[in-house]
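First up is the structure itself, then whatever we jot down about it.
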Amino acid sequence: MPRVNRTVVLYLLLISSSVFLLFQLYYYRKYVSKLTVKSFLALARRFRMPLFLIDTAVLSLLSQDALRQRDRLVPEPHCGFLCTDRPITAFALQANQWKYDVALPLAAEQKGFELLELRGEDPRLASLDTLSGDDIPLHFLFRLHGYVIQVVFLYERSGNYLWHGALRLHADMDRSFAAFKQLEYGRHAGAYDRPELVLTVLDGLDVRIPRNVTRFLSEQRHARFLECRYRDARNFLQLYPDDSSPDAVDFRRKVKQLLHLAARTLARINVPFWLSSGTCLGWFRQCSVISYSRDVDIGIFIADYRPDIISAFTDAGLKLKHKFGKVEDSLELSFLSFDVKLDIFFFYDDGDVMWNGGTQAKSGRKFKYVFPPFSLCWAELLELKVRVPCETVDYVTANYGASWSVPVRTWDWKTSPSNVMENGVWPPGEWAELIQVY
């Protein structure tokens, strides 16, 4: 019996020791993220790095109630935000407010961090004349005890927005340095409006975050940015030199004014749009506008239609030129400003295809322009951050055919597009409502 008791005691001791070790391992794994962030923030303060938190997992936990109560009312530091199962926390660095310090890598090493610096070309210096800019920091990865801090460099662009580059590993870089597939930033370049920042306390640590967390998270989900294809545009313009006549220069100036005005107007009523038709072709093919197109084309999903769109544009000083179709079918609006026409095409989603309609005013004939499904990305045109179809080649090819790279000055909207098809005729009794010309 005594022998049995000793066996039981040893067994219980083994179980309790194992439980204690598992608890220690759990505690270490749970809190290593906070300890790493704390050490990193101390390093960042030393080098005056203008950081703010952009980690979506952490930001998703935040609410006004959390900011007011969870940290400020609990006297002891806790780990309700930074202790997650993810091995990464992401911060943004406002690059225009910071100058790289060559002492940073050594200081990081002395605190136990391993540092991987990823750099790339500065697109702000790229142009049709200079195809490559200087290398700039894009992403820094700090690793400590297997935990990674990602620092995303945000640069100001001429369209008054912030941009970060894609994260690309060179052949000689350690691909096991981090769980790269889990990084939330860097798969693509991204574009953001400049956020207002506030200082708060998370788990006992002073951290700057976007004031409007919900808006930032929404931006993050749709932040992918497409750079202008400068090399292809230069090759195009060598074959087909741009029109530099006074009329063409004046037209491009008016297009810039009109596009900026349209963007401000639609932003005020929270209606997203993208460059469509010839305006999209001009951005994609030559990083500019097509001077002989004589108009500006934008697209809006019919799901984003608002009844006050017309009044918003007329209040902004544009004149309604025509209104064709209806919300349920082939809606199209056209405005005039600066002697340039703004065409707004509303797009309908049929699942396997997307389409917009067209109407011939004198006959009531209807047309449909069919596109493969597409998503939207950010781009820059005429110093403005605008959306374009992410699948730009497919979009342009659908509209202009495989020869889209060859200029066509004679264009009939009823027959020239590759994706146009007849779509019936509006009933004559409805023309007064569905075909309005001003």
Side-chain angles (χ1 to χ4, degrees), residues 123-130 157-161 227-230 232-268 273-300 309-310 312-323 332-345 358 378-388 392 396 399-400 404-413 416-417 437-438:
R124 299 169 301 171
L125 301 179
S127 68
L128 297 181
D129 299 319
T130 305
R157 297 288 293 260
S158 59
N160 195 32
Y161 62 95
E227 198 66 60
C228 176
R229 307 182 317 145
Y230 289 111
D232 292 334
R234 187 173 74 168
N235 292 337
F236 171 83
L237 292 174
Q238 287 177 342
L239 291 173
Y240 309 101
D242 209 357
D243 186 353
S244 58
S245 67
D247 286 346
V249 172
D250 187 55
F251 173 74
R252 285 191 284 269
R253 179 186 60 81
K254 290 178 178 179
V255 167
K256 180 177 179 178
Q257 290 179 298
L258 178 55
L259 197 55
H260 280 249
L261 179 58
R264 290 194 301 271
T265 302
L266 291 171
R268 280 196 289 269
F273 75 95
W274 67 91
L275 303 182
S276 191
S277 302
T279 308
C280 180
L281 176 62
W283 168 80
F284 185 66
R285 188 175 67 186
Q286 56 213 68
C287 298
S288 184
V289 296
I290 301 173
S291 59
Y292 54 83
S293 64
R294 313 315 301 173
D295 59 12
V296 173
D297 304 309
I298 65 174
I300 295 176
I309 284 181
I310 292 178
F313 275 105
T314 54
D315 290 346
L318 285 78
K319 179 181 178 182
L320 181 62
K321 192 172 185 296
H322 72 238
K323 177 178 180 289
E332 176 188 345
L333 300 175
S334 183
F335 297 88
L336 193 65
S337 181
F338 308 112
D339 298 321
V340 177
K341 188 159 62 80
L342 172 68
D343 288 327
I344 302 179
F345 303 108
W378 289 109
E380 182 179 327
L381 177 65
L382 303 174
E383 298 184 342
L384 179 68
K385 184 178 73 137
V386 292
R387 294 178 181 87
V388 297
T392 322
V396 168
N399 211 179
Y400 295 96
W404 55 263
S405 60
V406 178
V408 177
R409 290 179 174 269
T410 302
W411 187 262
D412 185 332
W413 61 271
S416 297
V437 180
Y438 301 91

For [X] and [Y], work out which heavy atoms get closest and say how close.
X	Y	answer
S291	F251	O-CD2, 3.5 Å
F273	A263	CE2-CA, 3.7 Å
S405	Y240	O-CE1, 3.9 Å
G358	E332	CA-OE1, 3.7 Å
H260	L382	NE2-O, 2.9 Å
V249	S244	CG2-O, 3.9 Å

(request) Could you pull out all residues at least two apart from R157 that satisfy salt bridge (Lys or Arg N to Asp or Glu O under 4.0 Å)? (result) E227, E380
(request) For E383, enumerate each residue passing the salt bridge (Lys or Arg N to Asp or Glu O under 4.0 Å) test, keeping only those at least two apart in sequence or located in another chain. (result) K256
Donor-acceptor pair, side chain of [X] and main chain of [Y], under 3.5 angstrom:
X	Y	result
R285	F236	no
T265	L261	yes
Y400	G278	yes
S276	D297	no

(request) Check the pair W378 / R387 against side-chain contact (heavy atoms from CB on, under 4.5 Å), numbers first and verdict last. (result) CA-CA 4 Å; W378 289 109; R387 294 178 181 87; 3.3 Å; yes
Does some side-chain heavy atom of [Y] sit less than 4.5 Å from a side-chain heavy atom of [X]?
X	Y	value
V296	V289	no
I298	T279	no
I290	L281	yes
W413	S277	no
L342	V340	no
F313	L333	no

(message) Is it the case that the side chains of D243 and S245 hold a donor-acceptor pair, with the cut-off being a distance below 3.5 Å and no angle test?
(response) yes
(message) Go through it in stages, so that I can follow the logic: the residues are F335 and L320, the test is side-chain contact (heavy atoms from CB on, under 4.5 Å), and I'd like the CA-CA distance, side-chain angles, deciding distance and then a yes or no.
(response) CA-CA 4 Å; F335 297 88; L320 181 62; 3.6 Å; yes
(message) Could you check whether F284 and W404 have their ring centres less than 6.0 Å apart?
(response) yes
(request) Kindly determine whether L275 and L259 satisfy side-chain contact (heavy atoms from CB on, under 4.5 Å), including the steps that lead there. (result) CA-CA 10 Å; L275 303 182; L259 197 55; 4.1 Å; yes
Roughly how far apart are [X] [atom1] and [Y] [atom2], rounded to 0.5 Å?
X	Y	atom1	atom2	answer
R229	Q286	CZ	CD	11.0 Å
K385	N160	NZ	CG	10.0 Å
I309	T314	CD1	OG1	12.0 Å

(message) Can you tell whether the side chains of R252 and D242 come within less than 4.0 Å, N to carboxylate O?
(response) yes
(request) Using the salt bridge (Lys or Arg N to Asp or Glu O under 4.0 Å) rule, pick out the option among K254, R253, R294 that qualifies with D339. (result) K254
